[in-house]
Amino acid sequence: MKNKSSNNRKIVSIGQIAGWLAVFVVLILFFNTSGTKETTLDYSAFKQKVATAEVADLTVAPSIISGMYKNDKGQFVPFKTVRMEDPNLVQELSAAKITYKAEQDRSWIGNILFNVLWIVLLIGLWWFIFIRPQRSDGKSAMNFARSKAKMQDPSKQTVTFKDVAGCEEAKEELEDVIKFLKNPKKFQKLGGKLPKGVLLYGAPGTGKTLLAKAVAGEAGVAFFSASASEFVEMFVGVGAARVRDLFEQAKKNSPAIIFIDELDAVGRRRFAGIGGGHDEREQTLNQLLIELDGFESKQGIILMASTNRPDVLDPALIRPGRFDRHISVPAPDLKGREEILKVHAKKVKLAPEVDLKIVAKGTPGFVGADLANVVNEAAILAARADKEAVTSVDLDEAVERVLAGPQKKSRIISKHEQHVIAAHEVGHTVVARLTNHSDPVHKVTIIPRGQALGYTLQLPLEDKFLTSKSELLDKLCILLAGRAAEEIVFGEITSGASDDLNKTMAYARKMVVELGMSEKLGPIALPNGDDGEVFLGRDLSRHKTYSEELARTIDEEILNLIRTSYARAKDIIISHRVAFDKLVETLLQKEVVEASEIDEILGLKPAVVENQPAIKPAENEHTPKEEPKAPKATRPEAQQAGLFD
Ligand code: ADP
Ligand code: ZN
C-alpha cells in the first residue's frame with residue numbers, strides 16, 4: 001500500500017501526457033477542417049483558369065468561390081478564392097460552359113454554432129481525460145477535493161470491545177478515550193487530561209483498525225475512517241483539501257472518531273530520502289498538523305491513527321498535543337490467540353472435539369487477521385466436504401493453508417526429483433532432530449504446498465522471547481542440511497536450496513551484525529538500516545558508520561559461521577547415514593512421516609515433550625523465535641514459514 005501513492009503519480013503523469021497529446025491532435029484537426037485541404041487561388045489566377053475553362057463544379061457564395069481547378073499536373077483539385085467585385089463573372093462562366101451554383105454564406109449564427117461545437121468537444125475531451133479518472137469511486141466530477149473518508153453511523157456501530165481479543169492492555173488504555181467521548185464535559189470537569197490524538201502501532205493485522213472501530217462502538221459515536229494513502233493524490237493540494245474536508249465532516253458529526261490508517265504514508269519524516277521533499281505529501285502532512293492544532297478536544301473529536309512504522313513518523317506528528325498517546329498493539333501471545341480464535345469461532349459451527357487452545361498453540365506468530373483467516377478457511381473446507389461442523393482436521397489444514405497455500409496434490413514430480421526433494425527434506429529433519437537446541441520435529445512431507453516442494457515441520461514448545469546463540473547456530477545448521485544432504489546423496493546440488501540459503505545468510509548476518517554473536521567482533525551492534533532490508537537509495541544516503549576493515553571482518557565472520565554450520569550439517573548426516581537413507585525411503589513411500597516414526601527410524605527415544613499438541617501445530621520450521629523488538633513493519637517471522645522450493 002505504501003507504494004500506491006507513488007504508483008498513482010506515475011500512472012497519472014502518463015495519463016496527462018496522453019491527454020495533452022489528444023488535445024493537441026484535436027486542435028490540429030480543428031484547424032485543418034475549418035480550412036480543408038483546398039488550395040487558395042488568387043482571384044487573377046482564378047480568372048485565368050476560367051478563361052481557359054480549367055475550373056469546374058463551382059460554388060459561388062457572396063464572398064467565396066470554391067470548386068475544382070486543373071493544376072499543373074492536369075488533375076482537378078479543390079480550390080477556393082475570395083470573391084471580388086466582378087459583374088461579368090457569371091457571363092464569363094456561362095461563355096466558358098462552366099457549371100456553377102450559387103450559395104449563401106454560412107450565417108454568423110452557423111459560424112458561432114460551428115465554433116461552439118468544437119469548444120464543447122474540447123472541454124468534453126479534457127473532462128474525459130483529466131476529471132473522470134478522479135471519480136472512479138463514483139463521486140461527482142468536481143468532488144475530488146472532498147475526503148473519501150467513510151463514515152459509520154453510531155447507530156449502526158456493531159463492533160465493540162467484545163470483538164477484539166488478545167490486546168487487553170491496549171483496551172485498558174483506550175478506556176479513557178471512551179469515557180471522554182461518552183461525556184466530554186464531565187470528563188473535563190473531573191480534571192481528566194484530554195486526549196487528542198492516539199497512535200496505535202503494531203504489525204499489520206493485529207487489529208488496530210478493529211480497535212479504533214470498537215472504541216467508536218463502545219462510546220456510541222460516529223466513526224470516520226480514511227487511509228492516509230488516499231490523501232496523497234496526483235494534484236498537489238488535493239490531499240490537504242481532503243484532510244480539511246475530513247475534519248469538517250467529523251466536526252459536523254461530533255462527538256466522533258477520525259481514524260487514519262497507514263499514517264506513515266503521509267506522516268513520514270520530512271526531508272528524508274535522496275529525492276528530497278515530496279510536495280504533495282508534505283502539504284498533506286502540514287494540513288494534518290494544522291487540523292490537529294486547530295481543534296480543541298472540547299469539540300468531542302478524537303483522532304486515531306495506525307501505523308506499523310512509528311519509527312519513521314515525523315517527530316512533529318507525535319509531539320505533545322498531537323498524537324501524544326502511543327498504544328502498542330502487539331501480535332497476540334498464546335492466550336491471546338486462543339481468545340481471538342474464540343471470537344471468530346462464534347461465527348462458525350465447531351465440532352465438540354475441537355480444542356481451540358491446541359490451535360492457538362500451533363499458531364505462534366499468527367496475528368488476529370491470520371487467525372480470522374484460519375477459522376474462515378476451516379469453515380470453507382468443512383462446507384466443501386459437506387460436514388456438519390468444523391473439525392480439528394479442517395482447522396489443521398486451514399493453519400497450513402494460511403501458512404503455505406493450498407496443498408498441491410496434482411503437481412507432477414518425476415521420480416528422480418522426488419528422490420532429491422526427499423533427501424533434501426530428510427536432511428533438514430535429521431539435523432533438526434539431532435541438534436540439541438532446536439524445536440522438536442513434528443513431521444516431514446514431500447507433498448507440495450504453495451511454493452514449497454516439501455517441508456519439515458518443527459513445533460516450538462512455547463512462545464519464546466529470547467533466542468540463544470546455540471539455538472541460532474543449530475538453526476543455521478538445519479537450514480543448510482537440505483543442501484548438505486543433496487550433496488552427500490547425489491554428489492550434485494540443486495536450486496532447491498535457494499530459499500534456505502537466503503535465510504541462512506540473513507540469520508548469519510543478523511548474528512554478527514546485530515546480535516553481537518561473533519567471537520572476533522564481540523558484543524557489537526551495527527546500524528542496519530530502518531528495517532533490516534537493504535535497498536540502494538537508503539544505503540547511498542546513509543554514510544558508512546564503520547571502516548572498510550571492520551566491514552571485511554564482518555564478511556569473514558558471516559562466511560565463517562556459514563561454512564562451519566555447513567560442515568557440521570554434513571557431519572551429522574554422514575554419521576547417521578543408515579538411518580538417513582531409511583528415512584528417505586520411508587518418506588518416498590508414505591509422503592508424510594510423523595514425529596514418532598522419525599524417532600523410531602533414528603533409533604531415538606521419543607522426544608521428551610510435555611503438552612505436545614494432539615494436532616499438528618504451526619509450521620515453524622526455519623523460523624527464529626521472535627526476538628523482542630521495537631515495533632516494526634515486518635510480520636512475525638513464524639509466518640514466512642520455512643518452505644523449500
Ligand atoms: P490492522 O488494522 O492492525 O492491520 P485489522 O484491524 O484491519 O488489522 O484486522 C483485520 C481483521 O483481523 C479484523 O477485521 C478482524 O477480523 C481480525 N482481527 C485482527 N485482530 C483481531 C483481534 N485482536 N481480535 C479479533 N479479531 C481480530
Ligand atoms: Zn531446504
Side-chain angles (χ1 to χ4, degrees), residues 362 393 396-397 399-400 403-404 407-436 438-450 452-459 474 477-494 496-497 499-500 568-609 612-622 641-645:
V393 178
D396 207 15
E397 168 71 14
V399 168
E400 288 197 35
L403 272 170
Q407 239 180 40
K408 286 190 187 143
K409 285 206 175 116
S410 59
R411 195 189 281 185
I412 296 163
I413 295 169
S414 73
K415 273 261 158 331
H416 174 70
E417 270 186 348
Q418 251 182 357
H419 196 175
V420 176
I421 296 165
H424 179 112
E425 291 317 322
V426 170
H428 286 305
T429 309
V430 167
V431 173
R433 187 63 190 86
L434 295 173
T435 42
N436 289 328
S438 32
D439 295 326
V441 175
H442 196 73
K443 75 167 189 186
V444 53
T445 172
I446 51 170
I447 298 173
R449 183 184 285 279
L453 295 170
Y455 53 90
T456 301
L457 197 62
Q458 267 180 290
L459 135 81
D474 281 1
C477 196
I478 299 168
L479 276 168
L480 289 166
R483 162 61 64 92
E486 288 180 35
E487 197 192 322
I488 291 168
V489 177
F490 299 97
E492 164 91 308
I493 50 183
T494 70
D499 194 40
D500 297 339
R568 198 174 139 222
K570 273 172 87 172
D571 276 351
I572 295 175
I573 296 173
I574 289 170
S575 56
H576 294 81
R577 185 62 199 269
V578 180
F580 173 92
D581 284 344
K582 193 154 171 233
L583 194 47
V584 173
E585 199 58 38
T586 317
L587 183 58
L588 280 170
Q589 267 168 26
K590 293 184 158 181
E591 297 197 337
V592 184
V593 184
E594 304 280 341
S596 54
E597 199 168 355
I598 295 172
D599 284 352
E600 203 186 300
I601 293 173
L602 287 176
L604 296 166
K605 278 191 229 110
V608 216
V609 174
Q612 166 117 4
I615 66 161
K616 61 182 173 291
E619 188 167 341
N620 198 23
E621 170 270 7
H622 282 165
L643 305 177
F644 310 104
D645 43 3

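By convention here, the first residue in the shown sequence is residue 1.
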Which atom of [X] lies closest to which atom of [Y], heavy atoms considered:
{"X": "T445", "Y": "L587", "answer": "CA-CD1, 4.0 Å"}
{"X": "V584", "Y": "A423", "answer": "CG2-CA, 4.0 Å"}
{"X": "V393", "Y": "D396", "answer": "O-CB, 3.1 Å"}
{"X": "E594", "Y": "V592", "answer": "OE2-CG1, 3.9 Å"}
{"X": "S438", "Y": "D474", "answer": "N-OD2, 3.8 Å"}
{"X": "A579", "Y": "L602", "answer": "CB-CD2, 3.8 Å"}

With D581 via salt bridge (charged side-chain N to carboxylate O under 4.0 Å, His left out) - residues at least two apart: R577
Between side-chain atoms of residues 477-488 and protein atoms elsewhere (two or more places apart, or another chain), which donor-acceptor pairs fall under 3.5 Å?
from : atom 1 : to   : atom 2 : distance (Å)
R483 : NH2    : T494 : O      : 3.1
E486 : OE1    : T494 : N      : 2.8
E486 : OE1    : T494 : OG1    : 2.6
E486 : OE2    : H424 : ND1    : 2.6
E486 : OE2    : T494 : OG1    : 3.2
E487 : OE1    : Y566 : OH     : 2.5
E487 : OE2    : K570 : NZ     : 3.0

Any side-chain heavy-atom pair of Q418 and L588 under 4.5 Å: yes
Check: V444 and H428 side chains under 4.5 Å, non-hydrogen atoms: no
Please round to the nearest 0.5 Å and tell me the distance separating atom [atom1] of [X] and atom [atom2] of [Y].
{"X": "Q589", "Y": "I446", "atom1": "CD", "atom2": "CD1", "answer": "10.5 Å"}
{"X": "Y455", "Y": "I421", "atom1": "OH", "atom2": "CD1", "answer": "13.0 Å"}
{"X": "E597", "Y": "L583", "atom1": "CD", "atom2": "CG", "answer": "8.5 Å"}

Option from I572, V441, I601 for which side-chain contact (heavy atoms from CB on, under 4.5 Å) with R433 holds: V441
Contacts of H419 that satisfy ring-ring contact (aromatic ring centres under 6.0 Å, His included) - sequence neighbours left out: F490
